[in-house]
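Below, read A as the first sequence line, B as the second, and so on, with proteins coming before strands; counting in each chain starts at 1.
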Amino acid sequence: MLERYLTAASTYAHWIDYQFLLIAVLVGFWLIVAEGMMFWLIFKFRARDGRATQYITGEETHLKRWITIPHILVILCDIVIIVPAILVWYNIKQVMPPADETVRVIGQQWAWSFQQAGPDGVMDTADDIRTVGELHVKVNTTYHFELMSRDVVHSFAVPSFRLKQDALPGRTISGWFRPNRVGSYDIQCTQMCGIGHGLMAGRIIVETPQDHAAWLLHNSTPAVAGQQALPSPSTVGMDGLATMAEVRR
Amino acid sequence: MSASAKPIANARSGTGIPSARLITWWVIASEIVIFGGLLASYIMHRVAHPEWAESASHTLTWAGALNTFILLTSSLCAVLAHQAADSHDGPKAAKLLRLTALGGLIFLCVKGYEWTLDIREGFVLSSGGFWSFYYTLAGLHGLHVLAGMIIMLIVAADAAKNEELQRVECIGLYWHFVDIVWIFLFPLLYIAK
Amino acid sequence: MSTHVEHAEPGIFRKYFWSTDHKMIAMQYLFTGMAMALIGGYFAYVFRMQLGFPNQYVPGYGIVTPGRYNALVTMHGSIMIFWVAMPVLIAAFGNFLIPLMVGCDDMAFPRINRLSYQIFLLSVLVLLSSFLVKGGPFGGAWTAYPPLSAVGSYNLTPAGATLWLVAVALEFVAFLLGGINFTVTTMNSRAPGMKMYDIPLVIWMIVLASIIFMCSAGPLIAGAVMLLFDQTMSTGFFDPTRGGDPLLWQHLFWFFGHPEVYVVLLPAMGIVAEIIAVFARKKIFGYKTVLYTTWAVGFLSFVVWAHHQFVAGIDPRMANIFSITTLLISVPITEMVFLYIATLYGGSIHLDTPMLWALGFIAEFMVGGVTGIFLGSSGTDIYLHDTYFVIAHFHYTFVPIAIIAVYGGLTFWYPKMFGRMLNETLGKIHFWGTVIPFNVIFIPLFITGTAGDQRRVYSYALFAEQSRPALQHLRLTSTIALLVMLSFQLIFIFNFFWSLRNGKSAGANPWRSATLEWTVPSPPPHGNFAVMPTVYRGPYEYGLPGGADDYVPQNVPDQAFGDQNS
Amino acid sequence: MHKFQKSALYRIASRSLRLPLALVIGGLALSGCRMGATDAATRGQEVFETCVPCHNSDGSGNAAVGAPNIAGMKAWYVEREVDKFRAGVRGMHFNDVEGMRMRPMVLSLASEEDVKAVAHYVETLPPVPHGSSFPGDPKAGAALYATCGACHGDTGAGNQDLGAPRIAGVDDWYLATELRKFRSGVRGTNPKDREGRLMRPMARTLANEDAIRNVVAYVETLKP
């Protein structure tokens with residue numbers, strides 16, 4: 001159901017979508033029943049001359065069951081909703097499948113920046129790739145992310161992945177995602193983080209392994225003697241610009 | 001209605017508890033959650049930060065203990081004032097209430113002396129997590145002591161003229177509450193090291 | 001028998017600003033709340049215009065910059081909850097109704113009552129003054145999460161942030177004083193004969209709301225003190241680099257914030273109960289069961305707060321517990337709504353304006369209720385958290401509460417407050433002109449939220465998925481519907497003031513209602529009751545078989561209409 | 001008794017009626033008069049509100065948030081740099097904390113016209129004097145300034161033909177910060193940043209932190 005409104009591009013997007021559908025069906029049924037009942041009663045018992053009001057306290061057993069039976073059914077529906085909800089939650093947030101790759105996601109006012117291992121495959125080495133506003137990942141690869149914040153509370157959200165996690169200053173929060181559809185998707189910040197909150201956009205680009213390898217090679221900068229103390233220059237390059245400019249238009 | 005005339009609503013007592021005592025209990029209940037929130041925050045932080053014990057070791061335990069003793073004694077005076085008010089002896093109740101307020105004053109003086117020493121040693125509100133809680137908790141409590149003293153002196157002035165004697169009990173209740181808050185603060189801020 | 005003596009007419013100041021009369025204090029709260037509602041509505045107009053017509057000049061405001069947008073949404077939220085819903089629903093209706101409906105002449109502590117309004121007014125002034133300081137009003141969302149709210153160089157509105165915090169804290173103190181007074185008055189000052197289950201539901205609910213507020217506001221007041229020190233005295237309560245914890249604020253805030261939802265919901269439910277009973281000419285179906293569900297809701301509201309923080313970085317295992325408690329709270333609320341609907345059964349339903357509002361409340365509130373299930377179940381909340389789905393959901397609860405139920409209450413008790421009837425035709429036009437656009441505003445927002453629109457965003461131009469034209473059309477629809485809804489409010493304002501002079505004279509009991517406030521003249525005189533009433537029965541004795549009339553007021557002794565019901 | 005009450009309540013209500021009604025009607029009438037900016041200058045002033053939270057309404061800036069004094073800056077320079085931010089040529093480096101705050105804000109400007117309008121508005125702001133925030137040796141800096149003078153001019157007035165902005169009268173902390181950014185490659189490494197790529201090697205001729213402080217101290221003595 002959700003996919004009608006937004007692409008699903010990660011493995012767990014469908015879990016959430018099915019959960020959404022389940023709830024929509026159950027609560028939709030109850031909403032229609034209750035609203036229908038109400039409007040029917042309003043019509044049926046509209047004021048008419050010569051018809052007296054019935055004196056009902058609501059303590060009568062034969063009438064009370066009209067409340068107690070739906071009541072029990074509501075509890076049953078709650079259980080039907082809560083069990084899969086917890087399962088979805090458990091599988092997304094509480095357990096992490098083994099990682100193929102790791103990325104570091106850093107929020108600051110008002111940009112997302114990313115650090116991932118260069119061609120050597122090891123994080124925190126000289127050939128790490130640091131990007132701003134744009135994250136390149138391989139399709140069908142399980143990523144673990146380490147989420148941090150440099151200043152205030154941000155929230156790392158990729159709607160197409162159905163991924164959302166707050167970034168807290170002073171902590172590193174881990175999570176995972178596994179993109180399964182090539183393309184380029186929005187990254188939002190969904191926690192008020194100052195005047196630029198509504199402008200804190202990023203892109204996540206899901207590539208085929210070949211494209212990703214080419215990108216890695218093109219953008220990693222081996223350590224340059226004499227410049228080792230300095231951060232490597234921006235690697236975003238023109239690709240990032242093009243995307244952002246497109247979005248502007 | 002002029003401000004001095006009491007409405008019928010004030011005189012009724014559906015619960016059997018006089019309205020004045022009832023409202024005092026509700027005020028105390030809402031104060032309990034304020035201090036409760038602050039204390040719970042402090043305890044959670046304290047558990048998460050064992051290193052705060054070092055800061056806590058700089059507090060003056062003797063001053064805290066002395067203040068505990070002073071507040072307990074003043075609470076005793078408040079009880080005696082209540083007894084006097086019950087036997088309709090307004091002047092005696094007033095005298096005892098003023099004695100209670102004097103206890104509060106001594107408490108604040110000791111507190112002031114203690115804080116002066118702390119600040120001289122360089123421990124101020126922003127010196128670290130423990131000190132922030134130390135000054136905020138004790139400061140909020142100190143404000144309650146101060147407010148209690150002021151109300152108590154007003155009640156005493158009425159009581160001396162044998163007026164509004166039911167208020168003696170209410171301010172006494174409030175004073176016991178302030179006392180009990182301190183009994184929580186003393187071990188948490190001074191003894192736990 | 002009244003013990004009050006007629007006084008010489010007091011000066012304007014003493015009468016309007018220094019009065020201890022509960023009815024005058026109710027009017028002070030009502031008019032202050034309505035003025036604040038105009039301000040809050042104006043902000044909604046401005047930021048919806050920005051969303052509907054991005055970056056255009058907004059007539060009557062100017063350009064909406066990102067910083068101003070944040071301030072607008074922050075102030076809209078804060079004002080509508082703290083300075084409209086609370087003062088109107090609890091303080092205005094509570095002050096006006098409690099002494100009248102429990103049958104006494106005033107609050108138990110009238111001067112504390114006056115102090116409560118004065119502190120409230122001070123909080124209003126402090127909040128409004130934040131519009132004049134450098135940097136403007138606070139823009140860090142009404143939830144004010146630190147470190148953003150704590151550090152001036154992050155939020156860029158240091159003065160506004162502090163003033164906002166002080167205003168909120170003062171407002172809490174005002175409602176603590178008011179709520180304690182309500183509770184004591186209802187516990188102690190009821191008319192002789194009015195037993196626990198003879199108290200009208202609206203009074204029960206206002207008092208329970210006050211008690212819930214009292215139990216939940218304390219931790220946030222403590223948090224406000226800490227945040228104030230972080231802002232002004234460079235402490236580090238919420239600063240992670242100095243041993244503090246930003247999550248602590250979130251817990252303190254939502255420990256208050258979720259019960260707060262029920263603090264404003266319960267009075268609205270109470271108002272609706274009164275109206276339904278009168279206009280369906282029916283006893284409330286299962287009066288005691290309604291009360292039990294209210295208690296259950298009140299208790300459960302304290303154990304659900306972390307469902308606002310599922311993805312905030314709390315221990316993920318906690319989410320499971322809070323997900324269960326959250327779905328659990330749906331049980332008593334559903335039951336309460338079922339009981340209201342069941343009350344219609346066997347009635348004789350008159351669709352006067354107040355009844356339209358009351359039924360509208362139930363119909364709309366149900367939508368708000370069921371959409372809450374999506375957010376309360378932790379799995380779907382990962383996606384829906386902080387999207388427009390949340391906005392649409394809580395507006396489907398808050399608009400019925402603070403707009404629809406309030407209009408219901410105002411149209412119902414207007415004759416009692418001012419002695420004249422409102423115009424029915426204008427009232428019905430206003431009803432449909434409010435309720436239909438309301439749905440057109442928020443149904444599109446459910447869809448944009450489901451499509452991923454995140455909250456508090458001033459323009460979606462930078463987000464490719466969100467700047468799809470279809471979504472912009474939905475936003476535009478919502479904006480236009482808001483303009484329609486706002487313009488229909490002018491009809492109410494006109495009706496309100498026009499009827500003060502030109503309305504039909506109401507008489508004591510125009511709705512033939514059984515509760516005590518309708519036994520006194522409209523508007524009630526000073527001291528309310530010429531003869532203090534005694535209560536003989538519950539508040540909803542409608543449709544009694546065999547009586548001369550179809551209802552029996554609470555203060556009529558049993559002999560007066562025969563013994564068949566004693 | 002209640003008659004008096006009724007009239008009292010009625011009087012408040014009817015008195016309070018007239019003002020809001022007049023305001024509402026008047027407001028509607030006024031708002032109908034103007035649906036948008038009349039000219040570029042007004043628009044520039046309106047859009048400048050975007051910049052006010054950090055740079056202040058007089059353009060004096062705020063060192064605490066890293067926002068420089070921009071009052072009276074030349075429009076061509078403001079426009080060029082804003083465009084660089086918008087295109088991601090500036091403010092896209094991993095360590096450029098201030099740039100990452102600036103970039104989204106200029107992206108909020110709706111169009112190139114708005115950029116031009118706000119740049120012209122910035123130029124019309126009267127310069128705001130400011131103090132110095134760190135010590136340096138202007139005499140030692142004078143010698144180092146020779147390199148800078150080639151483009152920025154002996155008086156630091158800048159040279160539009162060479163794309164060199166005025167630096168005299170700019171906040172010392174801002175100059176120092178940007179010199180450090182150029183040196184470390186946080187700024188001036190993007191291939192599209194033509195002027196930045198020229199500036200970067202110049203900044204790298206400054207050997208160390210002392211050199212930066214001294215040359216900035218010298219620039220502070222210049223009168224534009």
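With a 4.5 Å cut-off on non-hydrogen atoms, C/Y61 does not touch chain D at all. When heavy atoms are compared at a cutoff of 4.5 Å, D/N62 does not approach chain C at all.
Listed by chain and number, the residues in a salt bridge (charged side-chain N to carboxylate O under 4.0 Å, His left out) with D/E49 are C/R68 (sequence neighbours excluded). Remark: D/E113 pairs with D/S111 by the side chain to side chain contact (heavy atoms under 4.5 Å, CB included) rule, at least two apart or across chains.
Side-chain contact check for C/T65 versus D/E46: every heavy-atom pair is 4.5 Å or farther apart.
Heavy-atom pairs under 4.5 Å with chain D peak, among C/G135, C/P66, C/P54, C/A35, at C/P66.
Taking CG of D/D114 as the start and CG of C/N55 as the end, the distance is 7.5 Å to the nearest 0.5 Å. Note that CG of D/N56 and CG of C/L156 are 10.0 Å apart. Values are rounded to the nearest 0.5 Å.
Remark: side-chain polar atoms of C/Y57 are not paired, donor with acceptor, to backbone N or O of D/R43 under 3.5 angstrom.
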